Amino acid sequence: MQPIWYLIKKEFKQVFRTREMLSIIFIAPMIQMLVLGFAISTEVKNVSLIIADFDRSRISREILQAFEHTDRFRVVGYETSYRGIETAIHRWHAQMAIIIPADFGRNLQRGLQPEVQVIVDGLDGNTAGVALGYASGIFQRFGEVWLQQRAVARAAAASPPGHRVVVEDRLWYNLDLKPEQYMIPGIVVVLVTIISMMLSAMSLVREKEIGTLEQLIVTPLKRYQLVLGKILPFLILTFIELGIVLMAAQLIFGIRIAGSYTLLAGLAFLYLFATLGLGILISTITHTQQQAMFVSWFFIVFMILMSGFFVPIENMPGVLQKVTYINPMRYFMYIMREIFQKGSSLQFLLKDWLPMTAFGLVIFTFSVLKFQKRLT
Amino acid sequence: MNSRKISVQTRDLTKRFGRFTAVNRVSLQVYEGEIFGFLGANGAGKTTLIRMLTGLLKPSEGEGFVAGYDIWRQAEAIKRHIGYMSQRFSLYEDLTAEENLTFYGGIYGLNRRDIENRKRELFAHVGLQPFANQMTRDLPLGFKQRLALACALLHDPPIVFLDEPTSGVDPRARRNFWNLIYQTAQLGKTVFVTTHFMDEAEYCHRVGIMHMGKIIALGAPGRLKQKYRKSTMQDVFIELHRLSEEQA
Ligand SMILES: Nc1ncnc2c1ncn2[C@@H]1O[C@H](COP(=O)(O)OP(=O)(O)O)[C@@H](O)[C@H]1O
Ligand SMILES: [Mg+2]
């Protein structure tokens, strides 16, 4: 245990004596969050919308009114044919189209589940995803309200006197559809990944680059001690970082976490097995800090693209959707958004944190085994 | 001489990097308390040999024993009994001299009191007290090398490997460092030191001269000078070099 403690103390001394390190850890993340947070959140407004209402019922008109009355969307036209919609999107007149099929209202009243078609121009994946989010929010709200009305009406008609009508209380998340609510958790995930993976890789490679690893290798230090002593400081730093960005999310963007901080921290810990493991792995295949940084960026960019951060996973081509399953960030991105917005429970998130942890442990074990206490 | 205990022993020790043989069937014995000099031009294979003996590199072939432990199977046990000073300064530049020693004391598992005691002794031994709290990067190279020696001696190992400890410093600093090597040997430690300065061979009890991965001469400097009828080790080396060129 003692050698690990000395390694940790040494690492912190070095971090706090290196100005670049301090700025990577404490200043860069704030800037990244501000830039990404504000840039992304102000971007998606006035999505140009085209509407095709083949139903023309009271219900369909109610839905369309909801779209007309929000500044998220700007209705640029009404179409009566699919061909017209296609042309409008191709010519970039509209970014999104809503098609309400004939008999929609009647089917809804008959208790069927009629579908509304939404077409989004996926060229700008971020806007598309966020716009789709708004739209489904509107539909969902409409559906809830409509169902409740119907339930009340039915209950009043059918239930014997004396029975209370029980209307289920539902958790409404992201009620005003603020995109920051969606983006900030994602940014937190990205920052946590960068700090843990890139800094641990660079710190390990640095010892190789400046030759100090050679000196460590000739000591009786055990491999696990060396790995833990180099990794734990970055685990601690990542948590400090996580605290700072969560605080900033609240203070600057006014975003509160719906779920539990303990759960978030616990699942972050499980996620870090994957990122720290990748950090170690990168250090075994590179020789200079520059190479380590380059390879880390490659990994990070790939992970971000395949995580649903910019482009929602549902919008990806089928093959790519499958690829996302081997990306640990995909799971943590989802987990983070769920905990932020809906306060989801450990049990509810099981199908995400279980594969995430499994990947993490596999990557971590593999990397530690690959990390040899010898020069190559 | 042969009744003395052996510290380091190799038999046909070989290291190949791909098709290139950096160390070619080296056999030697180093006795306890001896200053053994390992000489050779740059690229002769000195560092590679030391790295195999210290467990940094796996040999390709041959045998090696350090402090009685097998370099193939007991590399970790060897590490407790050796000190090592790399040819490239390899302590932390962004820690002070004292912090470097404290750190390595902790790594070697010394307790806090032992670390303090050893630091005091070693700073005195290598003459670094006035610089204890200086940032390592600000020390002149000669002092960095003394710090590296102190670090190699921290856990009181019976054998120390010093890889070109005097390269890059001025003649006076070299002399001072050799005095330290003598004092270290007087503590009963075996010193295995490499150099490419032939004049430093005169300071060693015995030397091995290496050329292109092979040992081409082995023995006390006096005997070698006698054998090749030269007055300095520099001349012995030139003669050996000429002979090996003739052979090739
Ligand atoms: N890791 C390595 N891979 C390939 N060749 C190496 C490696 N290490 C050393 N060499 C080569 O082995 C030879 C001996 O190197 P080295 O032991 O460092 O010599 P010396 O220490 O005597 O200057 C040199 O030609 C060097 O280029
Ligand atoms: Mg060398």
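Computation of the quantities below employed the complete heavy-atom set of this structure, encompassing side-chain atoms and omitting hydrogens, waters and symmetry-equivalent molecules. In this text the structure is predicted, and so the values were computed from the model without any measurement. In what follows, every chain begins at residue 1, and chains take the letters A, B, ... in the order their sequences are listed.
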Worksheet item: Is the number of heavy atoms from other residues, nucleotides or ligands under 6.0 Å of A:F366 CZ greater than 12?
Response: no

Item to complete: Answer yes or no: are there more than 12 heavy-atom neighbours, outside A:Q290 itself, under 6.0 Å from its atom CD?
Response: no

Item to complete: Count the heavy atoms of every other residue, nucleotide or ligand shown that sit under 6.0 Å from CH2 of B:W72, and state whether that count exceeds 12.
Response: yes

Discussion item. Tell me whether A:K9 at atom NZ has more than 12 heavy atoms from other residues, nucleotides or ligands lying less than 6.0 Å away.
Written reply: yes

Worksheet item: Counting heavy atoms not belonging to B:M212, are there more than 12 under 6.0 Å from its CE?
Response: no

Worksheet item: Side chain, backbone, both or neither: which part of A:L7 has a non-hydrogen atom closer than 4.5 Å to chain B?
Response: both

Worksheet item: Nearest 0.5 Å, what's the CD1-OG1 distance between B:I107 and A:T219?
Response: 6.0 Å

Practice prompt. Mark yes when over 12 heavy atoms from residues, nucleotides or ligands other than A:F269 sit less than 6.0 Å from its CZ; otherwise mark no.
Written response: no

Discussion item. With a sphere of 6.0 Å drawn around CZ of A:F26, does it hold more than 12 non-hydrogen atoms of other residues, nucleotides or ligands?
Written reply: yes

Worksheet, complete the sentence: Honestly, the part of B:L110 sitting under 4.5 Å from a heavy atom of chain A is backbone

Discussion item. Which one wins on heavy-atom pair count under 4.5 Å against chain B: A:K222, A:E207, A:R17?
Written reply: A:R17

Worksheet item: Does atom CZ of A:F298 have more than 12 heavy-atom neighbours from other groups under 6.0 Å away?
Response: no

Worksheet item: By a 4.5 Å heavy-atom criterion (distance strictly below it), what part of A:I4 contacts chain B: side chain, backbone, both, or neither?
Response: neither

Practice prompt. Name, in order of residue number, those residues of residues 150-166 of chain B that have a heavy atom at a distance of less than 4.5 Å from a heavy atom in chain A; otherwise write 'none'.
Written response: none

Worksheet entry | Structural part of A:R223 lying under 4.5 Å from a heavy atom of chain B | neither

Item to complete: Examine whether an atom of A:Q225 lies under 4.5 Å from a heavy atom of chain B, and if so say whether it belongs to the side chain, the backbone or both; otherwise answer neither.
Response: neither

Worksheet item: In residues 75-104 of chain B, which residues are in contact with chain A at a heavy-atom separation under 4.5 Å?
Response: B:A75, B:E76, B:K79, B:R80, B:Y84, B:S86, B:R88, B:F89, B:S90, B:L91, B:Y92, B:D94, B:L95, B:T96, B:E99, B:T102, B:F103, B:Y104

